[in-house]
Amino acid sequence: MQVLNPDADLKLFHQRKQQASENALFLDYDGTLAPFQVEAAKAQPYPGVRPMLNRIIQIPNTRLVVVSGRWTKDLLPLLQLEAQPEIWGSHGLERLRGDGSYEIAPLPENVLEGLVAAHDWIVTVSLAKRCEKKPGSLALHWRGLSEKEIAALRKKVEPKWSMIAEAWGLALKEFDGGLELRAPARNKGDAVRTVLQEMSQDVVAAYLGDDVTDEDAFEAVKGKGIAVLVRPQLRPTMADLWLKPPEELLQFLADWL
């Protein structure tokens, strides 16, 4: 574990957590709870993570929330927890509560039209197999390709998707393993802020994530707890701590208990 923010005090954080009336543990999935896989459907949690989460979700004053860029329906068969956690999918557009109720943020007509145009173009250039359709976004995946192949794919897609993004008011973001064209209305930080606003004033929270798409959430949790970068290699980040999975991740979860 490496402290990135000199003001971050992990011991003090755990003391505050024990004294607070409510706690919130926010967790990204891919790259954080599970190692990346070329076939996303095979991205199972690191060994030992699932039992830890099953214990944490039973703590009366802890709210366990998974915040992911994935479609919520794709996360459930991977998590397989004994109790259903709250899940925010598609970068905060979807919300699946622990009681099974589901809601999705409405999307403007221009956003939907832009995504349709982007997908239609992807089909014409024979890249549909590499493109994942999700609520409010399209994700082009290049994990498993060589650097030369990735560069060629980026050169082919990025200019066209940039034009579409500008024309239809979309956001084009790079993630660990590809490019995503998505509705700019919400991000992971919005999900974190919404949950924290629903909780008590003395809530103490932690957000664990790996990707640049988690930076919005890192910012949102500041002032209420700590932001934790979870990945094998350090990258520029506003996180307070850096953990290497899986050992240090498991230790953090154990400390939470």
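Treat the numbers as computed from the prediction; the structure is a model and nothing was measured.
In this structure, I122 CD1 and K129 NZ are separated by 14.5 Å, a value rounded to the nearest 0.5 Å. The distance from the OG atom of S21 to the CG atom of N61 is 7.5 Å, given to the nearest 0.5 Å. For the atom pair W161 CH2 and C131 SG, the distance stands at 4.0 Å (nearest 0.5 Å). Atom CG of L79 and atom CG of N54 lie 10.0 Å apart (nearest 0.5 Å). Summarising the geometry, atom CD belonging to Q233 is positioned 8.0 Å from atom NZ belonging to K244; distances are rounded to the nearest 0.5 Å. Atom NZ of K156 and atom CG of L140 lie 10.5 Å apart (nearest 0.5 Å).
D99 is linked by a side chain to side chain donor-acceptor pair (under 3.5 Å) to S101, counting only residues two or more places apart in sequence or in another chain.
The side-chain heavy atoms of L138 and K133, taken from C-beta on, include a pair separated by under 4.5 Å. The shortest distance between side-chain heavy atoms of W256 and K17 falls below 4.5 Å. Counting only heavy atoms from C-beta outward, the side chains of V192 and F218 never approach each other to under 4.5 Å. At least one side-chain heavy atom of L170 sits under 4.5 Å from a side-chain heavy atom of V111. Put simply, the side chain of L53 does not reach to within 4.5 Å of the side chain of P85, judged on heavy atoms.
Between D240 and A8 the shortest heavy-atom distance is CB-CB, 3.7 Å. Closest approach of P135 to I104, counting heavy atoms only: CB-CD1, 3.5 Å. Pairing each heavy atom of A191 with each of R186, the nearest pair is N-NH2, 3.8 Å. Heavy atoms only, all atoms of each residue included: G136 and L115 are closest at C-CD1, 3.5 Å. Smallest separation of non-hydrogen atoms from F252 and L10: CE1-CD1, 4.2 Å. Summarising the geometry of A41 relative to L78, their closest heavy-atom pair is O-CD2, 3.4 Å, with the distance given to 0.1 Å.
Between the side chain of K224 and the main chain of Q201, a donor-acceptor pair closer than 3.5 Å is present. Under a 3.5 Å cut-off, the side chain of D120 and the backbone N or O of V123 do not form any donor-acceptor pair. Looking at R130, its side chain does come within 3.5 Å of a backbone N or O of H141 through a donor-acceptor pair. A donor-acceptor pair is defined here as one N or O able to donate and one able to accept, closer than 3.5 Å; such a pair exists between the side chain of K134 and the backbone of G69. Listed for the E248 side chain is no donor-acceptor partner under 3.5 Å among the backbone atoms of P245. With hydrogens and angles disregarded, a donor-acceptor distance shorter than 3.5 Å links the side chain of R143 to the backbone of D176. No side-chain donor-acceptor contact under 3.5 Å links D28 to the backbone of L208. Side-chain N or O atoms of W168 include none that pairs as donor or acceptor with a backbone N or O of E109 at under 3.5 Å.
Put simply, the residue from V157, L181, I164 that forms a side chain to side chain contact (heavy atoms under 4.5 Å, CB included) with L172 is L181. Under the salt bridge (Lys or Arg N to Asp or Glu O under 4.0 Å) rule, K188 has a single partner from D216, D214, D211, which is D214.
Criterion: ILVMFWY side-chain heavy atoms under 4.5 Å apart, direct or through other members. Under it, F13 and L196 are not part of a common hydrophobic cluster. Connection of L81 to L257 is established within a shared hydrophobic cluster, with ILVMFWY side chains joined at heavy-atom distances below 4.5 Å, either directly or through further cluster members. Grouping the Ile, Leu, Val, Met, Phe, Trp and Tyr side chains by contacts below 4.5 angstrom, directly or via other members, places W88 with V203. Residues L229 and L250 fall into different hydrophobic clusters, defined by Ile, Leu, Val, Met, Phe, Trp and Tyr side chains chained together at heavy-atom separations under 4.5 Å. Cluster annotation: F36 is not connected to W242 through the hydrophobic network of ILVMFWY side chains, with a link wherever side-chain heavy atoms come within less than 4.5 Å.
Contact check on E198 versus R95 returns a salt bridge, with a Lys/Arg side-chain nitrogen under 4.0 Å from an Asp/Glu carboxylate oxygen. Under 4.0 Å is where a charged nitrogen must lie from a carboxylate oxygen, and between E158 and R154 at least one such pair does. For the pair E22 and R63, the salt-bridge criterion is not met [side-chain N within less than 4.0 Å of a carboxylate O]. In summary, D210 and R235 do not engage in a salt bridge, as defined by a charged side-chain N under 4.0 Å from a carboxylate O.
Other residues, nucleotides and ligands contribute over 12 non-hydrogen atoms within 6.0 Å of the CE atom of M1. Annotation for K73: atom NZ counts as buried by contact number, over 12 foreign heavy atoms lying within 6.0 Å. Within a 6.0 Å radius of CD in Q2, other residues, nucleotides and ligands contribute more than 12 heavy atoms. Counting heavy-atom neighbours within 6.0 Å of K222 NZ, excluding the residue itself, gives a total above 12. Around atom CD of E166, no more than 12 heavy atoms belonging to other residues, nucleotides or ligands sit under 6.0 Å away. Within 6.0 Å of the CD atom in E103, the count of heavy atoms belonging to other residues, nucleotides or ligands exceeds 12.
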Which is it for V67 and V195 under the side-chain contact (heavy atoms from CB on, under 4.5 Å) test, yes or no, and what are the steps along the way?
CA-CA 11 Å; V67 186; V195 171; over 6 Å; no

Apply side-chain contact (heavy atoms from CB on, under 4.5 Å) to residues L64 and L27 and explain how you reach the verdict.
CA-CA 8 Å; L64 180 66; L27 302 164; 3.4 Å; yes

Steps toward side-chain contact (heavy atoms from CB on, under 4.5 Å) verdict (L76, Q84)
CA-CA 8 Å; L76 290 173; Q84 182 177 303; 4.3 Å; yes

Test log, rule side-chain contact (heavy atoms from CB on, under 4.5 Å), inputs I59 and N23
CA-CA 10 Å; I59 301 174; N23 304 143; over 6 Å; no

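Judged by a 6.0 Å distance limit and a 45° cone about the ring axis, R70 is not positioned over the six-membered ring of Y29.
One side chain, Q251 or D255, offers a donor N or O that lies under 3.5 Å from an acceptor on the other.
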